[in-house]
Amino acid sequence: QVQFVESGGGLVQPGGSLRLSCAASGRLFTIVDMGWYRQAPGKQRELVAVMTPGGITNYADSVKGRFTISRVYAKNTVDLQMNSLKPEDTAVYYCNARPTYDSWGQGTQVTVSS
C-alpha cells in the first residue's frame with residue numbers, strides 16, 4: 001500500500017515563497033517518477049512538476065522558473081520549492097507518482113493572497 005503525506009502549505013503574499021514536503025511510503029519510490037499535482041477550486045487536478053529516478057525534471061509552463069522539485073531517496077521524500085508565488089498558484093497540492101497511484105494523500109492547501 002502506497003501512502004503520501006504532504007505538508008508545508010499555508011497563506012503567503014504574492015511574490016512570497018513556500019516549501020512543500022511529501023513523505024512517501026512504499027518500496028517503489030526509488031524506481032518511479034514522482035510529481036507534485038495541484039487542484040484549484042472548480043478545476044481539474046494538474047501535474048505541475050515531476051522528477052524521474054534519474055533526476056530529470058519537467059515543469060508545467062505556468063510554474064517554470066519559479067518552482068523546483070527535489071527528492072531525497074534515502075528518506076523517501078519529495079519537496080517542492082515555490083518562489084515568486086502568484087494568486088493563480090492557489091490550490092491544494094498533492095504528491096503522487098506518474099502515472100499516479102490510486103491512493104492520494106490529504107494534500108496541503110496553498111493560498112496566495114494579499
Visitor: Tell me, please, which residues at least two apart from Val110 pass side-chain contact (heavy atoms from CB on, under 4.5 Å).
Guide: Leu18, Leu20, Met82, Tyr93, Val112

Visitor: Can you sort out the partners of Gln81 under side chain to side chain donor-acceptor pair (under 3.5 Å), two or more places apart, ordered by chain and number?
Guide: Arg19, Asn83

Visitor: So, using salt bridge (Lys or Arg N to Asp or Glu O under 4.0 Å) as the criterion, who are the partners of Glu88 when residues are at least two apart?
Guide: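 Scan of Glu88 (salt bridge (Lys or Arg N to Asp or Glu O under 4.0 Å), adjacent residues dropped) gives none.
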
Visitor: Applying ring pair (Phe, Tyr, Trp, His ring centres under 6.0 Å), which residue pairs with at least one partner in residues 45-70 are found, sequence neighbours left out?
Guide: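 Residue pairs passing ring pair (Phe, Tyr, Trp, His ring centres under 6.0 Å), neighbours aside: none found.
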
Visitor: Quick one: side-chain contact (heavy atoms from CB on, under 4.5 Å) partners of Ser84, sequence neighbours excluded?
Guide: Arg66

Visitor: Sequence neighbours left out, what passes ring-ring contact (aromatic ring centres under 6.0 Å, His included) with Tyr94? Give chain and number order.
Guide: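 Result, ring-ring contact (aromatic ring centres under 6.0 Å, His included) vs Tyr94: Trp104.
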
Visitor: Which residues satisfy the salt bridge (Lys or Arg N to Asp or Glu O under 4.0 Å) test with Lys64, sequence neighbours excluded?
Guide: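 With sequence neighbours excluded, Lys64 shows a salt bridge (Lys or Arg N to Asp or Glu O under 4.0 Å) to Asp61, given in chain and number order.
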
Visitor: Excluding sequence neighbours, so at least two apart, what forms salt bridge (Lys or Arg N to Asp or Glu O under 4.0 Å) with Arg98?
Guide: Asp33

Visitor: Sorted by first residue and then second, give each disulfide bond (SG atoms under 2.5 Å apart) pair with at least one member in residues 51-114; sequence neighbours left out.
Guide: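 Counting only pairs at least two positions apart or across chains, the disulfide bond (SG atoms under 2.5 Å apart) contacts touching residues 51-114 are Cys22-Cys95.
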
Visitor: Considering residues at least two apart in sequence or located in another chain, which fulfil the side chain to side chain donor-acceptor pair (under 3.5 Å) criterion with Gln109?
Guide: Thr111

Visitor: In Å, rounded to the nearest 0.5 Å, how long is the span from OH of Tyr37 to CG of Asn96?
Guide: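 Between Tyr37 OH and Asn96 CG, I get 5.5 Å after rounding to 0.5 Å.
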
Visitor: Could I get the full list of side-chain contact (heavy atoms from CB on, under 4.5 Å) partners for Ala23, not counting sequence neighbours?
Guide: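 Not a single residue meets the side-chain contact (heavy atoms from CB on, under 4.5 Å) criterion with Ala23.
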
Visitor: Indicate the atoms forming the closest heavy-atom contact of Met51 with Ser70, along with that distance.
Guide: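 Distance-wise, the nearest heavy atoms are CE-CA, 4.0 Å.
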
Visitor: Taking only residues two or more places apart in sequence or in another chain, which ones pass side chain to side chain donor-acceptor pair (under 3.5 Å) with Ser21?
Guide: Asp79

